Participant: 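I am attaching a structure below and will ask some questions about it afterwards.
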Amino acid sequence: METIFYEKPYLMTSVLDTIIADTRTRVAHAKERIPVKALEESAHFSVPPVSLSHYLLRPDLNGIIAEIKRRSPSRGVLSNSVSVEHLSLGYMQAGASALSVLTEPNYFGGSLADLKTARHFNLCPILRKDFIVDEYQILEAKAAGADAILLIAAALSGTEVRALAMMARSLGLEVLAEVHHGDELDRVLIPEIRCIGVNNRDLHDLSVSVDRSFELAAKIPASFIKVAESGLRDPSVVRALHDAGYRGFLIGEAFMVTPDPARACRQFIRALRGE
């Protein structure tokens, strides 16, 4: 398939526009406070990352990427009291394959400090979940101990996706490229990307339908690891998605809205295993 580089993102919404604009401002301020040299001197910067793709394909695991997420634009506050230490350990003890840590502060209540804490207490793959629009953020991710980053196709041109993915790979980080429509696939089907995530949330009205993952499954080449995102609340749906070729399942809100997210994750994985 010929890779088509779009000069402008295919899909942008007012919500996404606002978040991206705020992100660019946040990154500009971060650059003023913390120089690149300081990031490169971080203790984590020289540590080889853990392979997300390897863990998603491990036969003894289940592909669950358990997410630490305090709030979201669609649901508001999910949890007012999150101990990243206890929750990240709880997710791993429950049998999750990897962690996803939201680091966007204004709309999701996250921070790089959360990622650093999760890294301190866990040896599993950790995904930095944020709106990556600048190479500086990739250096931040590496310095904080991330093993992978998220690139959202709706927020980036094809040229930007390739440049950011190449930067990540040069540091040993893996890339989870997120799409919402088949039209976005061309810009992420590149050698620097191993995992393709399908977000089941509609960026126009924030509604969720897992049909999106089923519809796009056959359009993603078998050489990529397919990851389903959003709206995964039923173990039977995850099993069906596995049958459709998915090997990763990013779940955040379904766990975070419960009184004990780690327990909810453990029960979900036990149900997947038929226990």
Side-chain angles (χ1 to χ4, degrees), residues 9 16 23 49-58 61-69 91 96-104 108 110 115 118-119 124-135 137-138 140-142 144-156 158 160-182 184-201 203 212-213 216-217 219-232 238 241-242 245-253:
L16 187 58
T23 297
V50 183
S51 172
L52 173 64
S53 58
H54 173 74
Y55 269 68
L56 293 181
L57 295 177
R58 276 178 52 170
L61 295 174
N62 46 69
I64 299 297
I65 305 172
E67 188 160 86
I68 298 173
K69 181 178 184 180
Y91 276 156
S97 300
L99 293 172
S100 171
V101 180
L102 259 298
T103 60
E104 198 288 325
F108 293 87
L115 199 158
R119 174 80 291 155
C124 66
I126 300 178
L127 170 73
R128 181 187 183 181
K129 185 87 172 290
D130 208 321
F131 297 81
I132 305 293
V133 294
D134 192 292
E135 290 183 349
Q137 293 170 282
I138 300 175
E140 283 183 325
K142 176 68 172 172
D147 303 293
I149 62 164
L150 180 76
L151 294 181
I152 303 173
L156 301 164
E160 289 170 327
V161 169
R162 182 179 287 274
L164 293 170
M166 289 179 66
M167 172 72 168
R169 295 303 300 139
S170 73
L171 297 175
L173 301 177
E174 291 190 356
V175 176
L176 171 60
E178 177 180 291
V179 300
H180 299 79
H181 298 279
E184 298 171 350
L185 279 173
D186 282 337
R187 78 189 75 162
V188 301
L189 299 180
I190 59 177
E192 292 80 12
I193 292 174
R194 184 80 196 281
C195 301
I196 304 292
V198 178
N199 194 328
N200 295 308
R201 187 177 302 281
L203 290 182
R212 194 184 304 270
S213 285
L216 292 183
K219 297 181 180 180
I220 301 173
S223 57
F224 293 88
I225 297 173
K226 301 179 183 68
V227 179
E229 306 172 20
S230 297
L232 307 180
V238 169
L241 286 167
H242 186 277
Y246 285 85
R247 293 297 177 265
F249 312 94
L250 197 154
I251 304 177
E253 290 186 11

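Residues take their numbers from the sequence shown, with the count starting at 1. The structure presented is a predicted model; accordingly, all values stated were derived computationally and were not measured.
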Participant: What's the spacing between Thr103 OG1 and Leu127 CG if we round to 0.5 Å?
Facilitator: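 The distance works out to 9.0 Å.
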Participant: Check whether any side-chain heavy atom of Val179 lies under 4.5 Å from a side-chain heavy atom of Arg187, and answer yes or no.
Facilitator: no
Participant: When you compare the side chain of Val238 with that of Asn62, does any pair of heavy atoms fall below 4.5 Å?
Facilitator: no
Participant: How would you list, by chain and number, every residue that makes a salt bridge (charged side-chain N to carboxylate O under 4.0 Å, His left out) with Glu178, sequence neighbours excluded?
Facilitator: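 With neighbours one apart ignored, the set is empty.
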Participant: So do the side chains of Arg128 and Leu173 get within less than 4.5 Å of each other, counting heavy atoms only?
Facilitator: no
Participant: Could you state the interatomic distance from OG (Ser100) to CG (Leu250), rounded to the nearest 0.5 Å?
Facilitator: 4.5 Å
Participant: So, do Tyr91 and Ile64 sit near enough that their side-chain heavy atoms are less than 4.5 Å apart?
Facilitator: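 No; the side chains remain at least 4.5 Å from each other.
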Participant: Can you list the residues that meet the side-chain contact (heavy atoms from CB on, under 4.5 Å) rule with Ala144, with sequence neighbours excluded?
Facilitator: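 Per chain and number, Ala144 pairs via side-chain contact (heavy atoms from CB on, under 4.5 Å) with Leu112, Leu115, Lys116.
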Participant: Leu176 vs Glu229, test: side-chain contact (heavy atoms from CB on, under 4.5 Å). Steps then yes/no.
Facilitator: CA-CA 11 Å; Leu176 171 60; Glu229 306 172 20; 3.8 Å; yes
Participant: Is Val161 close to Val175 at the side-chain level, that is, under 4.5 Å between some pair of heavy atoms?
Facilitator: no
Participant: Compare every heavy atom of Arg247 with every heavy atom of His242, then report the nearest pair and how far apart it is.
Facilitator: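 Taking every non-hydrogen atom into account, O-NH1, 2.9 Å.
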Participant: Enumerate donor-acceptor pairs with a distance under 3.5 Å from any side-chain N or O in residues 49-57 to protein atoms, sequence neighbours excluded.
Facilitator:
unit_1: Ser51; atom_1: OG; unit_2: Ser53; atom_2: OG; d: 3.1
unit_1: Ser51; atom_1: OG; unit_2: His54; atom_2: N; d: 3.0
unit_1: Ser51; atom_1: OG; unit_2: Glu174; atom_2: OE2; d: 2.8
unit_1: Ser53; atom_1: OG; unit_2: Glu174; atom_2: OE1; d: 3.2
unit_1: Ser53; atom_1: OG; unit_2: Glu174; atom_2: OE2; d: 2.9
unit_1: Ser53; atom_1: OG; unit_2: Arg194; atom_2: NH1; d: 3.4

Participant: State which residues pass salt bridge (charged side-chain N to carboxylate O under 4.0 Å, His left out) with Asp147; sequence neighbours excluded, sorted by chain then number.
Facilitator: Arg119
Participant: Between Ala163 and Glu135, which heavy-atom pair has the shortest distance, and what is it?
Facilitator: O-OE2, 4.2 Å
Participant: Would His181 and Arg212 satisfy side-chain contact (heavy atoms from CB on, under 4.5 Å), going step by step from the backbone distance to the final call?
Facilitator: CA-CA 8 Å; His181 298 279; Arg212 194 184 304 270; 3.4 Å; yes
Participant: Given side chains that start at C-beta, do those of Ile220 and Leu185 come closer than 4.5 Å, heavy atoms only?
Facilitator: yes
Participant: Checking Lys69 now: which residues fulfil side-chain contact (heavy atoms from CB on, under 4.5 Å) with it, not counting sequence neighbours?
Facilitator: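 In terms of side-chain contact (heavy atoms from CB on, under 4.5 Å), with neighbours along the sequence ignored, Lys69 is linked to Glu67, Ser72, Leu78, Leu102, Phe108, Glu253, Met256.
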Participant: Once you round to the nearest 0.5 Å, how far does CD of Glu140 lie from CG of Asp134?
Facilitator: 8.5 Å
Participant: Taking all atoms of both residues into account, what is the closest heavy-atom pair of Ile190 and Phe224, and its distance?
Facilitator: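 Taking Ile190 first and Phe224 second, the nearest heavy atoms are O-CE2, 3.8 Å.
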Participant: Of all heavy-atom pairs between Ala165 and Leu151, which one has the smallest distance, and what is that distance?
Facilitator: N-CD1, 3.9 Å
Participant: If you round to the nearest 0.5 Å, how far is CG of Asp130 from CD1 of Ile138?
Facilitator: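 That separation rounds to 11.5 Å.
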Participant: Could you check if a side-chain atom of Ile149 sits within less than 4.5 angstrom of a side-chain atom of Gln137, using non-hydrogen atoms only?
Facilitator: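 A side-chain contact is absent here, since even the closest heavy-atom pair is not under 4.5 Å.
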Participant: Side-chain contact test, heavy atoms from C-beta onward, threshold under 4.5 Å: evaluate it for Lys226 versus Ile196 and give yes or no.
Facilitator: no
Participant: Heavy atoms only: give me the nearest Cys124-Ser97 pair and the separation to one decimal.
Facilitator: CB-O, 4.4 Å
Participant: For the backbone of Val133 and the side chain of Glu160, can you confirm whether one donor and one acceptor N or O come within less than 3.5 Å of each other?
Facilitator: no
Participant: List for me each residue that meets side-chain contact (heavy atoms from CB on, under 4.5 Å) alongside Ala217, sequence neighbours excluded, and say none if there are none.
Facilitator: Ala244, Tyr246
Participant: Does Asn200 use its side chain to pair, donor to acceptor, with the backbone of Ser230 at less than 3.5 Å?
Facilitator: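 Looks like yes, one N/O pair under 3.5 Å.
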